[in-house]
Engineer: 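Quick one: this structure, given as structure tokens, is what I'll be asking you about.
Throughout, numbering of the chain's residues begins at 1 and tracks the sequence. The analysis underlying the following values was restricted to heavy atoms, covering all of them including side chains, and did not include hydrogens, waters or symmetry mates.
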Amino acid sequence: MTAFGLPRSAATLGAAFECAGEGIHTGVRSEVRVTPAAAGQGIVFRRAAGSRVAEIPALWTNRRSRPLCTALQVGEGPLVRTVEHLLAALTAMRIDDAVVEIAGEELPIFDGSAAPWCALIRTAGRVEHDAPRRYLRALKPVEHVNGMRRLRIEPADAHLLSVHIELNHFGPLDWCGPVTPETFERELAPSRSFGRVTWTIPAKIRGLWPFGEPLLRGATTKNTAALWKNTAIGGLRMPDEPVRHRALDLVGDLALAGLPLLGRVTAAHPGHEHNYALLAALMSDPTAWDVVTLDEDGAPRAAG
């Protein structure tokens with residue numbers, strides 16, 4: 001183990017688990033079963049497409065742009081959307097390989113946070129493979145800049161985050177720390193998806209994004225932190241809950257690298273589109289990263 005407790009062996013779930021619930025955007029109930037998988041399979045979604053079952057690996061090349069969420073699709077096959085909370089929980093809880101079977105298009109939103117996913121993963125348990133855990137290590141700084149949005153990844157010996165946002169009535173909000181099972185469950189997972197009441201309600205009434213995508217049809221004050229001035233309807237879970245949720249989403253979006261990251265990510269005003277732009281900039285430059293395993297002392301070495 002390293003100073004941040006990075007494991008040397010890859011792992012999967014100790015048992016399968018099932019859950020169901022409505023999607024925040026479609027408002028449609030879906031059923032989900034998450035099962036253990038063999039070493040090296042990664043996280044793969046399976047969704048029925050007529051008489052066929054489509055496999056959709058959780059990789060950046062399969063990411064599709066959709067409003068206010070992260071979606072995956074292979075070719076013209078079926079879409080799976082709002083995957084970011086589950087992916088964040090799996091990668092933070094150090095589950096490398098799993099199959100996510102979904103009957104429906106959108107994963108359940110539950111209470112708007114990743115805490116329910118963490119609880120399910122914790123109950124299922126983590127079982128190590130007889131195989132080394134492979135990490136994607138940043139070798140040089142890579143940036144994505146778009147106006148006030150500035151995201152950067154640079155070399156580090158763990159997955160470290162520093163996130164900054166500014167909101168009207170809140171002012172500047174910041175969160176920083178390592179992405180470990182303990183910090184994720186305690187500090188990030190409980191934070192909820194959020195939006196201003198002034199735009200959430202009109203969007204819900206319309207039911208459609210301008211491009212024809214379903215938007216917030218399933219949003220309620222039970223699964224969303226509906227912001228009003230410097231708080232939320234029903235109260236905030238933490239005074240800086242919005243920035244913590246932005247960090248949660250960032251963890252889930254970066255999981256589309258397909259391997260756990262070794263790098264320091266600094267993000268000012270992140271969002272799904274910009275998180276993906278940073279990851280695409282990193283992955284598109286083969287000189288910016290390599291794949292390593294950890295030796296007995298926790299030092300990285302090139303993967304064979």
Engineer: Within the structure provided, determine whether Y135 and L6 are in side-chain contact (heavy-atom separation under 4.5 Å).
Structural biologist: yes
Engineer: Just one of L254, L262, L259 clears the side-chain contact (heavy atoms from CB on, under 4.5 Å) bar with L136, so which one?
Structural biologist: L259
Engineer: Does any N or O in the side chain of D111 come within less than 3.5 Å of the main-chain N or O of N223, such that one atom is a donor and the other an acceptor?
Structural biologist: no
Engineer: Nearest 0.5 Å please: distance from the CD atom of E105 over to the CZ atom of R66.
Structural biologist: 8.0 Å
Engineer: When you group the ILVMFWY residues by side-chain heavy-atom contacts below 4.5 Å and let the links chain together, are V100 and V53 in the same group?
Structural biologist: no
Engineer: So, does R8 use its side chain to make a donor-acceptor pair with the main chain of D295 at under 3.5 Å?
Structural biologist: yes
Engineer: Is there side-chain contact between W175 and L161, with at least one heavy-atom pair below 4.5 Å?
Structural biologist: yes
Engineer: Please examine the side chains of Y276 and D253, heavy atoms only from C-beta on, and report whether any two atoms are closer than 4.5 Å.
Structural biologist: no
Engineer: Between L139 and I153, is there a shared hydrophobic cluster once you connect ILVMFWY residues whose side-chain heavy atoms come closer than 4.5 Å?
Structural biologist: no
Engineer: Can you confirm whether R122 is buried at CZ, in the sense that more than 12 heavy atoms of other residues, nucleotides or ligands lie under 6.0 Å from that atom?
Structural biologist: no
Engineer: Atom OG1 of T220 and atom CD1 of I233: how far apart are they, to the nearest 0.5 Å?
Structural biologist: 10.5 Å
Engineer: With salt bridge (charged side-chain N to carboxylate O under 4.0 Å, His left out) as the criterion, how do R133 and D96 come out once you've worked through the C-alpha distance, each side chain's angles and the decisive distance to 0.1 Å?
Structural biologist: CA-CA 8 Å; R133 193 178 199 220; D96 303 292; 2.8 Å; yes
Engineer: Salt bridge or not between D290 and R134? Use side-chain N to carboxylate O under 4.0 Å.
Structural biologist: no
Engineer: If the threshold is 4.0 Å, N to carboxylate O, is there a salt bridge linking R63 and E273?
Structural biologist: yes
Engineer: Is the backbone N or O of A303 less than 3.5 Å from a side-chain atom of T293, with the two atoms forming a donor-acceptor pair by type?
Structural biologist: no
Engineer: Using the side chain to side chain donor-acceptor pair (under 3.5 Å) rule, collect all pairs that involve residues 30-44, keeping only residues at least two apart or in two chains.
Structural biologist: E18-R33
Engineer: Does the pair R264 and D157 meet the rule for a salt bridge (charged side-chain N to carboxylate O under 4.0 Å, His left out), with working shown?
Structural biologist: CA-CA 8 Å; R264 179 185 299 276; D157 59 0; over 6 Å; no
Engineer: Identify whether I95 and V127 are in the same connected component of the hydrophobic contact network (ILVMFWY, side-chain heavy atoms under 4.5 Å).
Structural biologist: no
Engineer: Measure the shortest side-chain to side-chain distance between R217 and E22 over non-hydrogen atoms and say whether it is less than 4.5 angstrom.
Structural biologist: no
Engineer: Check for a donor-acceptor pair, side chain of R47 on one end and backbone N or O of I102 on the other, with a separation under 3.5 Å.
Structural biologist: no
Engineer: Tell me which donor-acceptor pairs under 3.5 Å the side chains of residues 280-288 have, and how far apart each pair is, sequence neighbours excluded?
Structural biologist:
{"from": "S284", "atom 1": "OG", "to": "A280", "atom 2": "O", "distance (Å)": "2.6"}
{"from": "D285", "atom 1": "OD1", "to": "T287", "atom 2": "N", "distance (Å)": "3.0"}
{"from": "D285", "atom 1": "OD1", "to": "T287", "atom 2": "OG1", "distance (Å)": "2.6"}
{"from": "D285", "atom 1": "OD2", "to": "K140", "atom 2": "NZ", "distance (Å)": "3.1"}
{"from": "D285", "atom 1": "OD2", "to": "T287", "atom 2": "OG1", "distance (Å)": "3.4"}
{"from": "T287", "atom 1": "OG1", "to": "K140", "atom 2": "NZ", "distance (Å)": "2.9"}

Engineer: Quickly, which of T70, T61, N62, L59 forms a side-chain contact (heavy atoms from CB on, under 4.5 Å) with L256? Name it, please.
Structural biologist: T70
Engineer: Determine whether the side chains of H274 and N146 contain a donor N or O and an acceptor N or O closer than 3.5 Å.
Structural biologist: no
Engineer: For residues V179 and P260, determine if any side-chain heavy atom of one lies less than 4.5 Å from a side-chain heavy atom of the other.
Structural biologist: no
Engineer: Under 3.5 Å, is there a donor-acceptor pair linking the side chains of T26 and E106?
Structural biologist: yes
Engineer: For R126, is the CZ atom crowded, meaning more than 12 foreign heavy atoms sit under 6.0 Å from it?
Structural biologist: yes
Engineer: Are T224 and I24 packed together at the side-chain level, in the sense that at least one heavy-atom pair is separated by less than 4.5 angstrom?
Structural biologist: yes
Engineer: Between S191 (side chain) and L188 (backbone), is there a donor-acceptor pair under 3.5 Å?
Structural biologist: yes
Engineer: If you define the side chain from C-beta out and look only at heavy atoms, does anything of P172 sit under 4.5 Å from H164?
Structural biologist: yes
Engineer: Is it the case that the side chain of H25 and the backbone of L68 share a donor-acceptor pair, with hydrogens and angles ignored and the cut-off at 3.5 Å?
Structural biologist: yes
Engineer: Has S9 got a side-chain atom pairing as donor or acceptor with E128's backbone, closer than 3.5 angstrom?
Structural biologist: no
Engineer: Between L13 and V34, is any pair of side-chain heavy atoms under 4.5 Å apart?
Structural biologist: yes
Engineer: Going hydrophobic residue to hydrophobic residue with side-chain gaps under 4.5 angstrom, can you get from V99 over to L87?
Structural biologist: no
Engineer: Are V44 and I56 grouped together when hydrophobic residues (ILVMFWY) are joined by side-chain heavy atoms under 4.5 angstrom apart?
Structural biologist: no
Engineer: Is the F110 ring parallel, tilted or perpendicular to the W117 ring (thresholds 30°, 60°)?
Structural biologist: perpendicular
Engineer: With side-chain contact (heavy atoms from CB on, under 4.5 Å) as the test, pick out the partner of L248 among R246, R244, H245.
Structural biologist: H245
Engineer: Look at the side chain of E241 and the backbone N and O of R192, then say whether any donor-acceptor pair between them is shorter than 3.5 Å.
Structural biologist: yes
Engineer: State whether the side chain of H269 and the backbone N or O of M148 hold a donor-acceptor pair below 3.5 Å, judged by distance alone.
Structural biologist: no
